[in-house]
Amino acid sequence: MRQPIVNKKVILKQYPDGKLVADRDLKVEEERIDLDSLTLEPDEVAVQTEAFSVDAFVRTMLIPGAFHGHTEPGQCLIALGYGTVVKAGSNEAYKVGSRVQGLMQVATISKVKKSPNVMSPASLPGVKPSLSLGLFGISGLSAYFGVFHAAPKGPCKGETAVISAAAGAVGVIAAQMCKLAGARVVGIAGGPEKKKFLLEELGLDGAVDYKDSTKPLAEQLKEQCPDGIDFFFDNVGGETLDEVLDQINQGSRIVICGAISQYDTGNMYKKGGSQGPSNYMKLAETSSSMSGMMVGHFLASPVNLARSVSYLMWHYYRGNLKPYEHIEVGLDSFGKSMEIMFSGGHIGRLVVDVTGDLAK
Ligand SMILES: NC(=O)c1ccc[n+]([C@@H]2O[C@H](COP(=O)([O-])OP(=O)(O)OC[C@H]3O[C@@H](n4cnc5c(N)ncnc54)[C@H](OP(=O)(O)O)[C@@H]3O)[C@@H](O)[C@H]2O)c1
């Protein structure tokens, strides 16, 4: 007979009214679980979680009407994570002891139902498991499809490519991919430390600090992209997108991966609530294209999956694609980590290490 264990869960207390404040909008609840008497549906497993990534979509799921479903007050937050199966329903393919990865409740013991979103985590030689949440997970795959497949043409040799939120999980990989494609790459991020990181660590050709109050974004972009912009991988939207549109060249390609500047405003899904580009006529004037992309749509094709993973492995093993992670320890830190995502207090993949093993 196993001892009861304490299960911690991160619960939504109330919909954030604009900016998410973890202490006000979320709470951590504890319950005692007796695994021997825990009931599971036949196609369900109980997973002892090890780590979660803190993705922008976790915030949009706290807005009623979010397109990929939303969390209601009183419910546990949902995020991408991985862990070990500690109990399995009668029909479950995953047996006790196997590791699974996918969308799961942000809890120490998460009940997970069989779905295409749950799979065995990538276990590649020499690859630590947390990279299945970053370079070999949603971030690397979004960067790959956004850079190479979403637009009519990806970044080309000699062109100027700009990436917003370039020091974040998706951006840091997209920026490296644009370099690998031979483009001149300029990253946009907030603060002098990130600017230094983009130039000195990532080796980008230019960097823009959109938080620099002494020089407007438009002016910095002009300085860093003297020949105009040919390819833009946008994670931020709002004013950033507008300013970039103002400086695009003929035949440029804009990829809308996300619009994080709009997620923490409380207005995201209200009619007219998101700040859209007022400069969109630039697309017509320059015969340019703007394409949206959703990673899940690309992954529906096994050929795409095979291609993307081959690309990621090829460049990772050769040291061409470097993974960056920021690790916060303990499930209690999940809410604060969501605040970190919006204040930009991390570089690369933001990971919550539930067990404390990653930090060792
Ligand atoms: N389309 C898809 O399938 C797909 C899949 C995954 C992710 N995404 C999108 O990719 C983007 C990045 O997500 P992620 O999970 O990788 O997060 P992330 O980049 O690791 O974190 C978000 C970053 O955005 C910047 N930021 C936050 N608030 C901002 C604001 N108001 N204005 C400008 N920049 C702001 C912060 O960096 P600074 O310090 O530079 O401000 C922060 O580091 C999101 O837009 C997300 O929706 C899309």
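Note that the structure is predicted; figures quoted are calculated from it, not measured. Numbers here simply count residues along the sequence, with the first being 1. Whatever order the structure lists ligands and atoms in, that order sets their numbers, starting from 1.
Between Tyr269 and Phe67, a ring centre-to-centre spacing not shorter than 6.0 Å is recorded.
Sorted by first and then second residue, the pairs that involve residues 195-223 and meet ring pair (Phe, Tyr, Trp, His ring centres under 6.0 Å), not counting sequence neighbours, are Phe197-Tyr324.
Checked for salt-bridge contact, Glu31 and Lys9 meet the test: a charged N lies under 4.0 Å from a carboxylate O. Comment: Asp17 does not engage Arg24 in a salt bridge, judged by the lack of any side-chain N to carboxylate O separation of less than 4.0 angstrom.
Taking the six-membered ring where the residue is Trp, His149 and Tyr144 present tilted rings, their angle falling between 30° and 60°.
The number of heavy atoms from other shown groups lying within 6.0 Å of NZ (Lys157) does not exceed 12.
Listed by chain and number, residues touching ligand 1 at under 4.0 Å (heavy atoms only) are Asp55, Ala56, Ile138, Ser142, Ala165, Gly168, Ala169, Val170, Ala189, Gly190, Lys194, Tyr210, Asn235, Val236, Cys257, Gly258, Ala259, Ile260, Ser261, Tyr263, Met293, Met294, Val295, Met341, Phe342, Gly344, His346, Gly348, Arg349.
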